[in-house]
Number of protein chains: 2
Amino acid sequence: MAVAVGKGGVLELAVLGSLNETPLHGYELRKRLNALLGMFRAFSYGSLYPCLRQLLVNGLITEEPPEETAATTAAQAARDASPPLAGRRSKIVYRLTAEGKERLQHLLTQAGPSAWEDESFGVHFAFFRHTEAEVRLRILEGRRSRLEERLDAVRTALARTRERLDSYTLELQRHGLESVEREVRWLNELIDTERAQAVRATTERADARDAEPLSDKPNE
Amino acid sequence: MAVAVGKGGVLELAVLGSLNETPLHGYELRKRLNALLGMFRAFSYGSLYPCLRQLLVNGLITEEPPEETAATTAAQAARDASPPLAGRRSKIVYRLTAEGKERLQHLLTQAGPSAWEDESFGVHFAFFRHTEAEVRLRILEGRRSRLEERLDAVRTALARTRERLDSYTLELQRHGLESVEREVRWLNELIDTERAQAVRATTERADARDAEPLSDKPNE
DNA sequence: GTTAGCATGTAAGGAGTTACATGATTTT
DNA sequence: AAAATCATGTAACTCCTTACATGCTAAC
């Protein structure tokens, strides 16, 4: 503890989450990330590499220096000897450490604005598989109320507006509202599904308990 | 010219565009902006006031110091005399100058990535009323191809993926794709409408020309 | 008389991007 | 042998946010 951890970007979570699935080198990591989140955001190398560096310094990942394959060594050996071992261009594979996994778990447990704001929600959702059911639910609900606040704010502001707007402004409002409403409906479905699963889980546990001879609550 | 103009944030356009409709003071300007663009982004005072300051320095807006209303003067007169005229808290109304209008027109003529990227498209669209038809069309098409690129990129990346994804990742992909596809359809409709209007406009001009006795192109 | 909303600002800093620089490997 | 793609990295910068600081005015 007190390791002066994370500066709270989404990138950190995205990187740790990806490396949790499988070790990767920077270039491919970025491709994966942009394939996974491409509809919501895209990261550049200019942010990715410094992030990896920082994670390395913090001990959350380890770098496996390019293994000396036959090909690499042979090609290198020809004009080596003078450059000690600097300037070696090859893949640097990063792997999550135990601390890294801990940190990832910590980040995935955070159910706050940092999880449901526009920039971060997608990333958090992408790793829901590794998130506790309860936290998932709170994030989905958090996002939903965030969006509903927004709808309220814009709608009441719109209602108070004296001058009527031109057709472009109007069309933008309409499209914006519709998009957000759609996402709210989507969230509603997801929340229902999550709740149903939670119920099923408790029911199963209840069933198991009912089967026990010493059950506390036989009926109810 | 060579006034070392604009650093290219969307805020500048949003402010100039709003002040073009009617003079406003900072506080209300922000409310308007967030009502207009609330579904897409929100600005804070911490960015708005410095922006206004900069626009003022650049001569794109003027500030009308709080007019000395009867109420203000009366209340102030009681304990005035010592504070010369500093620390006066009241509305500061900003108004667009001729240079400001020029600058706004310039910004609205830019049909490039700065107009159709995620952060800026909404703002540009919001002021389409003051944008030339041709520029409008190019921005809409630019945004559409931007989104289509994104769809392509994600879809081909998805197709190349070996391992099949968990249900959350899948659901995120599905929702993301669907949202972007929806926006593309929306853009298609808008583009069609714009084109129809353009055709109507040229037809009218052609009709007018055909009516002329000395028309160059009688048939074709 | 105190909370809530109106009104204006500043300092510090966050989370990235762009543009650049370099070089290896594969494809054409 | 040229072009494309793979691969890693840095410096400078951008645009905006957060948190703070201040004070007026209206409503309860």
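Protein chains get the first letters and strands the later ones, always in sequence-line order, with residue 1 at the start of each.
Looking at residues two or more places apart in sequence or on another chain, you find a side chain to side chain contact (heavy atoms under 4.5 Å, CB included) between B:E99 and B:L60, B:T97. Listed by chain and residue number, A:Q197 satisfy the side chain to side chain contact (heavy atoms under 4.5 Å, CB included) test with A:T193 (two or more places apart in sequence, or in another chain). Shown here are the side chain to side chain contact (heavy atoms under 4.5 Å, CB included) partners of B:D118, two or more places apart in sequence or in another chain: B:R143, B:R150. For B:W116, there are no ring pair (Phe, Tyr, Trp, His ring centres under 6.0 Å) partners at least two apart in sequence or on another chain. Listed by chain and number, the residues in a side chain to side chain contact (heavy atoms under 4.5 Å, CB included) with A:I191 are A:L137, A:L140, A:E141, A:R144, A:R195 (sequence neighbours excluded). Every ring pair (Phe, Tyr, Trp, His ring centres under 6.0 Å) that B:Y168 has, sequence neighbours left out, goes to A:F125, A:F128. Applying the ring pair (Phe, Tyr, Trp, His ring centres under 6.0 Å) criterion to A:H175, with sequence neighbours excluded, gives B:W186.
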Could you give the side-chain donor-acceptor pairs of residues 15-28 of chain A under 3.5 Å, partners two or more places apart or in another chain?
| from | atom 1 | to | atom 2 | distance (Å) |
| --- | --- | --- | --- | --- |
| A:S18 | OG | A:A14 | O | 3.1 |
| A:E21 | OE1 | A:R129 | NH2 | 2.7 |
| A:E21 | OE2 | A:H130 | NE2 | 3.4 |

Ignoring hydrogens and angles, write down the donor-acceptor pairs under 3.5 Å from the side chains of residues 37-46 of chain A, residues two or more places apart or on other chains.
| from | atom 1 | to | atom 2 | distance (Å) |
| --- | --- | --- | --- | --- |
| A:R41 | NH1 | A:E119 | O | 3.2 |

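Nucleotide C:dA24 holds its P atom 16 Å from the NZ atom of A:K91, rounded to whole Å. If you measure from atom CG of B:L55 to atom P of C:dG9, you get 13 Å, rounded to the nearest angstrom.
For the segment residues 35-44 of chain A, the set of residues with a heavy atom within less than 4.0 Å of an atom of DNA chain C comprises A:R41, A:A42, A:F43, A:S44, in numerical order. Near DNA chain C, defined here as any heavy-atom distance below 4.0 Å, the residues from residues 20-34 of chain B are B:H25, B:G26, B:Y27, listed numerically.
The phosphate of D:dG9 has neither OP1 nor OP2 within less than 4.0 Å of any side-chain N or O from A:Y45.
Note that the two end axes of the helix from C:dG1-D:dC28 to C:dT28-D:dA1 enclose an angle of 40°, each drawn from 5 base pairs, rounded to 10 degrees.
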